[in-house]
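Some notes on the structure that comes next.
Indexing begins at 1, ligand by ligand and atom by atom, following the structure's order.
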Amino acid sequence: MNKNDKILIIGAGLCGSLLALRLAQRGHQVTLVEKRPDLRRQSLDAGRSINLALSDRGLNALKMAGMDQKALAISLPMHGRMIHQLQRDPFFSPYSGNPNTAINSISRPGLNALLLDAIEALGKVNLYFDAPCIGLDLETCAAQFEQNSSDPEQQDKSVLEIQANVIFGCDGAGSVVRKTLQEQNGADFKFSLDWLSHGYKELSIAPGADGSFQLRADALHIWPRGQDMIIALPNLDHSFTVTLFMSHTEYPHGFDHIESAPQIRHYFEEKYPELLQLIPDLIEQYQENPTGPLGTVKCGPWNAKGNVLILGDAAHAIVPFYGQGMNASFEDVLVLDQLMDSGITEWSALFDQFAQKRKKDADAIADLALDNFHEMKEHTADPIFQRKRGIEVRLEQERSEQYQSKYSMVTFSPELTYHQAMTRGRAQDRAIEQLLRQNKLNESQELDEQLLLIQGHTNALLEQKEPND
Ligand SMILES: Cc1cc2nc3c(=O)[nH]c(=O)nc-3n(C[C@H](O)[C@H](O)[C@H](O)COP(=O)(O)OP(=O)(O)OC[C@H]3O[C@@H](n4cnc5c(N)ncnc54)[C@H](O)[C@@H]3O)c2cc1C
């Protein structure tokens, strides 16, 4: 891994920008090419999720590049969930007994711009915008990009070819680099894309008349409604970004069936009356904003020919129900960086080890995100599930040193890999549910007795599993 090697990164989104910054900080020669215009010069994010929950794994990776505090400075901490049930008072459920535990609401373009500014300030990365990658040759390690003429009078597009020693594909869920791996690696490349039954639509709650937040600002707001749900995250300008998750096709509550103004009004009156008050132009927003699809991409191998590697959403796009897609993509960069410090000298060996180490964690967070989707939809109304959550909330608040829910392991414990968090978290969930169903665990027991029972049964379940499971 010679410092003179030419590194090409395709995609200057969140993952590609952090990777470019880190590799340049390490003294490598980096070229970063982005399909879209520079988001710092023009607003591009209509219809994309405009704020995201940044949590410990993402922060750890940003810290590696000296960017964590800068990111926190433009984010808002959310210390728990505010649950809005129909016809009942909302209640706040903290993420932990530790008042400092929080996930952070951050603007996607704001964070991306922060990383691009840091890259430019370093002055070592060749940056190209408005240049979609249109072709890639794995054998020669060269990529072609379409470039618009800088003269607006000129309609002609030219093709820029960049020759590199290694190429990183950070070009998101629809990755051209991944498609090339698939085409040029043939049957050796395994790929699946599973679309979710549900899509999403973003809406916005403006600040109140006095400019203040219209909802509690230190919480992630959730309106769970069985088959569909809404979440809202606060923004620095005192607005909230609201995301409706709903089936595309289901009748009557599916995007395909809720289109006209009366249909939209009726749906919100029935399910989310509060939001009709909070968003006076809700119908216009609903009709104007696009509906986005959600899917899970699993594929591999992520590397080819010793000189190409995909990472971030290009390698493992996931559904957003754990708020981990960006965090996982940032963690990819951290894992790669740590491997670079481990004595590996060849890019090919680095890429092999990265893919080997990271694939099962990417699969784990993809599966956890789907679990959470089903859990939120189906289980939240189940009495056993509600009792389990009640017991867990008390344990997390009053025994925070000894007890962590699956959500906490995934979100607040980057020292555990996603796979470890999934294995232990799932066993723990199963243990509590079994103990409740068998009437061995109940709310009248002392907390320490509950803790011992849960830990004992969780360990027993883990021991029953295969050693490599
Ligand atoms: C509704 C929703 C909510 C989400 N909420 C969260 C959350 O709360 N927390 C969280 O951690 N994650 C969340 N995510 C996931 C998160 O958005 C992604 O995981 C993250 O953006 C992945 O980063 P990336 O850089 O790999 O891909 P992207 O952000 O998609 O960036 C890819 C970049 O590559 C560029 N590109 C694409 N094709 C080409 C090409 N041919 N040539 C050159 N450039 C190209 C794109 O323009 C883009 O800039 C959410 C996702 C959705 C859909």
Side-chain angles (χ1 to χ4, degrees), residues 8-20 31-39 44-45 47-59 61-62 75 78 103-109 111-113 115-116 127-136 143-147 160 162 167-180 196 198-202 220 230-233 241-245 289-297 310-333 362 365-366 369 372 410-411:
L8 171 61
I9 300 175
I10 301 175
L14 297 169
C15 184
S17 298
L18 180 62
L19 180 65
T31 299
L32 175 62
V33 189
E34 166 59 36
K35 172 172 81 171
R36 305 197 300 164
D38 187 344
L39 56 75
L44 303 164
D45 270 280
R48 298 193 86 204
S49 83
I50 57 169
N51 61 15
L52 303 162
L54 171 66
S55 50
D56 289 18
R57 291 174 197 271
L59 282 167
L62 288 167
S75 60
M78 300 179 287
I103 59 176
N104 305 283
S105 176
I106 191 162
S107 144
R108 175 200 290 276
L111 178 56
N112 212 152
L115 293 169
L116 290 170
L127 253 172
Y128 294 85
F129 291 100
D130 226 344
C133 176
I134 49 170
L136 191 71
Q144 295 81 41
F145 300 87
E146 201 172 72
Q147 270 198 313
L160 168 76
I162 299 181
I167 296 178
F168 290 94
C170 300
D171 49 344
S175 172
V176 167
V177 183
R178 186 186 65 232
K179 283 177 194 144
T180 309
L196 200 68
H198 284 48
Y200 72 99
K201 188 185 282 291
E202 278 166 359
L220 188 154
I230 283 182
I231 63 169
L233 276 71
T241 300
V242 176
T243 311
L244 163 65
F245 296 99
N289 293 352
T291 305
L294 297 168
T296 302
V297 170
I310 49 173
L311 61 178
D313 270 18
H316 47 72
I318 62 177
V319 295
F321 300 100
Y322 243 105
Q324 285 294 317
M326 162 189 63
N327 289 289
S329 301
F330 281 166
E331 201 180 53
D332 281 354
V333 182
I365 190 58
N372 223 27
V410 171
T411 309

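- Taken from CD1 in Ile103 to CG in Leu52, the straight-line distance is 11.0 Å, to the nearest 0.5 Å.
- Taking each of Arg108, Glu34, Arg36 in turn, the one with a heavy atom nearest to atom 46 (C) of ligand 1 proves to be Glu34.
- If you look at Cys170 next to ligand 1, the close heavy atoms, those under 4.0 Å, all belong to the backbone.
- The option from Glu331, Lys201, Met326, Glu146 that lies nearest to atom 12 (N) of ligand 1, judged by heavy atoms, is Met326.
- At a heavy-atom distance under 4.0 Å, only side-chain atoms of Pro320, from C-beta outward, approach ligand 1.
- Atoms of ligand 1 found under 4.0 Å from any heavy atom of Leu14 (numbered from 1 in listed order, with element): 21 (O), 25 (O).
- With sequence neighbours excluded, the residues that form a side-chain contact (heavy atoms from CB on, under 4.5 Å) with Ala12 are Ser17, Leu32, Glu34, Leu116.
- Taking only nitrogen or oxygen atoms, main chain and side chain alike, Ala173 does not reach within less than 3.5 Å of ligand 1.
- Near Gly172, with a cut-off below 4.0 Å to any heavy atom, the atoms of ligand 1 are 27 (O), 30 (O), 32 (C).
- Every atom of ligand 1 is numbered from 1 in the order shown, and the set under 4.0 Å from a heavy atom of Gly13 is 25 (O), 31 (O), 33 (C), 49 (O).
- For Gly323, a nitrogen or oxygen atom sits less than 3.5 Å from a nitrogen or oxygen atom of ligand 1, counting backbone and side chain alike.
- Proximity annotation for atom 13 (C) of ligand 1: of Thr411, Ile318, Leu52, Val33, Leu52 comes nearest, heavy atoms only.
- We find the CD1-CG distance between Ile9 and Leu18 to be 9.5 Å, quoted to the nearest 0.5 Å.
- Scanning all heavy atoms of the two residues, the minimum distance from Leu14 to Phe330 falls at O-CE2, 3.3 Å.
- Between the side chain of Arg36 and the main chain of Pro132, no donor-acceptor pair closer than 3.5 Å is present.
- For Arg178 (side chain) and Ala314 (main-chain N/O), a donor-acceptor pair under 3.5 Å exists by modelled atom type.
- For Asp332 against Gly312, the heavy-atom pair with the smallest separation is OD2-N, 2.9 Å.
- Leu233 and Asn51 get closest at one heavy-atom pair: O-ND2, 3.2 Å.
- Proximity to Pro132 (heavy-atom distance under 4.0 Å) selects the following atoms of ligand 1: 42 (N).
- Between Asn327 and ligand 1, an N or O atom pair is found at a separation short of 3.5 Å.
- Shown here are the side chain to side chain donor-acceptor pair (under 3.5 Å) partners of Asp313, two or more places apart in sequence or in another chain: there are none.
- Residue contact annotation: Ile10 has a non-hydrogen atom under 4.0 Å from ligand 1.
- Across Lys35, Arg57, Glu202, Gln324, heavy-atom proximity to atom 43 (C) of ligand 1 is greatest for Lys35.
- For the atom pair CD1 of Ile10 and SG of Cys133, the computed distance is 4.0 Å after rounding to the nearest 0.5 Å.
- Although no hydrogens or angles enter the test, the distance criterion places no donor-acceptor pair under 3.5 Å between the side chain of Ser175 and the main chain of Asp171.
- For a threshold of 3.5 Å applied to N or O pairs, the pair formed by Ala12 and ligand 1 contains no separation below that value.
- With ligand atoms numbered from 1 in the order given, ligand 1 contributes 34 (O), 35 (C), 44 (N) to contacts under 4.0 Å with heavy atoms of Gly11.
- Here Leu54 contributes atom CG and Met326 contributes atom CE; the two are 4.5 Å apart, rounded to the nearest 0.5 Å.
- Near Gly312, meaning under 4.0 Å from one of its heavy atoms, ligand 1 places the atoms 26 (O).
- Taking only non-hydrogen atoms, the option from Ser329, Cys133, Ala53 nearest to atom 7 (C) of ligand 1 is Ala53.
- Taking only nitrogen or oxygen atoms, main chain and side chain alike, Val176 does not reach within less than 3.5 Å of ligand 1.
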